[in-house]
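Quick note on labels: first sequence line is chain A, next is B, and so on, each numbered from 1. If you're wondering where the values come from, they're calculated on a predicted model, not measured in any experiment.
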There are 2 protein chains.
Amino acid sequence: MATGRTHRPATRSRGIPEATVARLPLYLRALTALSERSVPTVSSEELAAAAGVNSAKLRKDFSYLGSYGTRGVGYDVEYLVYQISRELGLTQDWPVVIVGIGNLGAALANYGGFASRGFRVAALIDADPSMAGKPVAGLPVKHTDELEAIIEDNGVSIGVIATPAGAAQQVCDRLVAAGVTSILNFAPTVLTVPDGVDVRKVDLSIELQILAFHEQRKAGEEAMAAPASPAPAVRGGTGGGKGPDGDVPAVMPA
Amino acid sequence: MATGRTHRPATRSRGIPEATVARLPLYLRALTALSERSVPTVSSEELAAAAGVNSAKLRKDFSYLGSYGTRGVGYDVEYLVYQISRELGLTQDWPVVIVGIGNLGAALANYGGFASRGFRVAALIDADPSMAGKPVAGLPVKHTDELEAIIEDNGVSIGVIATPAGAAQQVCDRLVAAGVTSILNFAPTVLTVPDGVDVRKVDLSIELQILAFHEQRKAGEEAMAAPASPAPAVRGGTGGGKGPDGDVPAVMPA
DNA sequence: CCATCTTTGTGCACACGTTCACAAAGACAT
DNA sequence: ATGTCTTTGTGAACGTGTGCACAAAGATGG
C-alpha cells in the first residue's frame, strides 16, 4: 500500500481524456454496424448521429487518437474500427472470470457482447458447492476454491463480481491477491482495492433512483399549476406521511 | 428522426447538479446501512469514507439540498435518510415494467435492490408467447400485446428495456407512446426518444472495454522502457497467438 | 491548373465538476 | 460565560469536458 498516491487518480491516461475513452466503445459499435453493411466511409456528422453524440465532440475525440480522417471525405470505416480496437486493447484476447453465478452472473455469462469483442469467459465461479459442475452458458461452474488457480493458469487480469453485496469485498480481495488488476463490480457495495487496481461499478438500483429523481421533477413541474397534491400513489412507508413541504419528520438534528 | 435535443437540459434541474444527483443514491445506501446499525449521527468524513468519495465533495453535495448538518457534530442519520429519499423521489411508489424477460430481464426481476427502494415491478413483459403466464420472480410474464394496457392501468412512468438490441427501439417507441417518460436501457443500442423523455443506458460490454483500455495501458507501461511511438506493445495474458495481429488491415484512408 | 465545395482538425470560450482551505457555527467543559 | 475544540458550509482556484466557429486540407469538376 503505497502512501504516495491518492486513492483514485482517475489516470488521465496518456493524453486521451477519460471521457473520450468512455465514448470509444460507442463509436466502435456504430462503426462495426457500418462495417457489416459494407459502408466504406463515414462522415463525422453521420457517425455522430449513429452514436448519439455531437459531431464536434466526435471529431475532437478522434483527434486524440491521431488524424485518421480525410478532409472532404470522412473516415475510412474499416481503418477506424481497427484503430479504435487497438486503442482500446481489443486486438488482444482478454480472459475474464465471472464470480457469483446467480441470476445476474448467468445473464452475464450468456451475454453475447462479451465474447464478440475480445473478451473470453475463462471461468464461472460460485461459492455454492451444489452449483459446481453445473453448466451455465456452456461452461461448467467452478467452485470458489479454484479461484486462485484459475486466475493464474489463464492469466486473467479482469474479474467480474456478481455476488451478493456481503461477499463482494472478500471476493475482490481474493481476485486482487491472485493477480486481477481490473474489476467490474455489480454488487451494490463500495469496494476497497490497493493502488493500481481499477474498479468500475455498475449499479442497477442507482440508475433507477436517478431516473426517479428526474421523473419526480417532471411530475412536479407539470403539477405546478394544478392542485397541490400530486397524482401518484403515496407510499408513506413508516407512516411518516408525505405532507406538504413544511411538514418534515419529527426528527431534527439535535 | 425525432432526435430531439442533442444535449441534456437535465443539468439545470433545480440547482442540484447532475453529478450530485448521481451520488445521492450512494450516500443513501451508506446512510441506510448506518441506520440499520442504529448509528445516530455521522460526520462528513466518516460518511464520505463509507460512500467512497471525498469528504469535501460530500459536504458540497449536501449543501445543495440545504443545511442539514450540525457543526461540531455531523449529520443526523435518520433525518438525512429521509431528506435524500425525498429529494430522489423515493418517498413515493414507482411502478416499473421490465420488457424482455431473458437472462438479464429475469435477473432484474429478481434483483432485490429494486423493490427495497420505492420501486415496484408492475409487470414483466416479453414478446415470446411461450413465456406468457410463466412465473418469473413470482410474477406471471405478460405478452407484449398487453404492454399499453399495463402501463395505463398502473400509471407506469418508468420502463426497463432488457430486450435484444434489435427490438429495443420498437419497444421504446411503444413505451413512450403509452406514457412512459423515463427509460433504463440495457440493450446495446442508441435509443431515439422525443423531448421530455429521459433515457439512461447501462452497457455491460462498454464497461468491460473501458477496463480493457486501462488494463492495456498498465501492461504497456510496465513492459515498456523506451516509448518511441504508439507501438502496439502487445502483451496479453495468453500466449498471444490470437491471429490477426500482424496482418492487420494496413488500409489507409484513401 | 485553378476554382469550388466538402469535411476534418482545432483554438477558444464557456460550463461543469472537484478540491482546497478557512471562517462561521455550534457543542462541551470548566 | 467564556474558551476551546470539532465539524460544517462555502468562496475561490483549478482541472476537465463541451461546443462553436473557422481555417486548413483535400476531393472534384471544368
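For A/Y64, no side-chain nitrogen or oxygen approaches OP1 or OP2 of D/dG17 to under 4.0 Å. Contact between the side-chain N/O atoms of B/N54 and the OP1/OP2 oxygens of C/dG17 is not found at any separation under 4.0 Å. Within the structure, a side-chain polar atom (N or O) of A/R23 is placed less than 4.0 Å from OP1 or OP2 of D/dT18.
A/W94 places no side-chain N or O within 3.5 Å of a backbone atom of B/L211 that could act as its donor or acceptor partner. Between the side chain of A/K60 and the backbone N or O of A/S55, no donor-acceptor pair lies under 3.5 Å.
Counting to the nearest Å, the C1' atom of D/dG17 and the CD1 atom of A/I16 are 15 Å from each other. One atom, CG of B/D61, and another, C1' of C/dT19, lie 12 Å apart when rounded to the nearest Å. The CZ-C1' distance, from A/R71 to D/dC22, rounds to 11 Å in whole Å. One atom, CZ of B/R59, and another, P of C/dC22, lie 14 Å apart when rounded to the nearest Å. Following rounding to the nearest Å, A/Y75 (OH) and D/dG26 (P) show an atom-to-atom distance of 14 Å. As a whole-Å value, the separation of B/L58 CG from D/dT10 P is 14 Å. If you take CG of A/L65 and C1' of C/dT8, they are 14 Å apart, rounded to a whole angstrom.
Residue A/F62 is classed as having no contact, given no heavy-atom separation below 4.0 Å to the nucleic acid.
No side-chain N or O of B/D76 forms a donor-acceptor pair with one of B/T41 less than 3.5 Å apart. At a cut-off of 3.5 Å, with distance as the only test, no side-chain donor of A/T189 or A/Q169 sits close to an acceptor on the other residue. Residues A/R86 and A/T91 bring no donor and acceptor atom of their side chains to less than 3.5 Å of each other.
Side-chain proximity of A/A56 to D/dA21, C/dG26, D/dG9: nearest is D/dA21. Taking every side-chain heavy atom of B/K57 into account, C/dT18 is the closest of D/dG9, C/dG9, C/dT18.
Within residues 37-47 of chain B, the residues having any heavy atom under 4.0 Å from DNA chain D are, by residue number, B/S43, B/S44.
For the helix from C/dC1-D/dG30 to C/dT30-D/dA1, the rotation axes defined at the first and last 5 base pairs enclose an angle of 10°, given to the nearest 10°.
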For this session: Check step by step if side-chain hydrogen bond (donor to acceptor under 3.5 Å, both in side chains) holds for B/S205 and B/D203.
Result: CA-CA 6 Å; B/S205 80; B/D203 196 313; 3.3 Å; yes
Exercise. Should A/T20 and A/D61 be marked as a side-chain hydrogen bond (donor to acceptor under 3.5 Å, both in side chains) after you check the CA-CA gap, both sets of side-chain angles, and the distance that decides it?
Worked result: CA-CA 6 Å; A/T20 295; A/D61 283 342; 2.7 Å; yes
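A ring-centre distance under 6.0 Å is found for A/Y68 and A/Y79.
If you run side chain to side chain contact (heavy atoms under 4.5 Å, CB included) between A/I84 and each of A/L26, A/L90, A/L65, only A/L65 comes through.
Between A/G72 and A/K60, the residue anchored nearer the 5' end of DNA chain C, judged by the nucleotide with its closest heavy atom, is A/G72.
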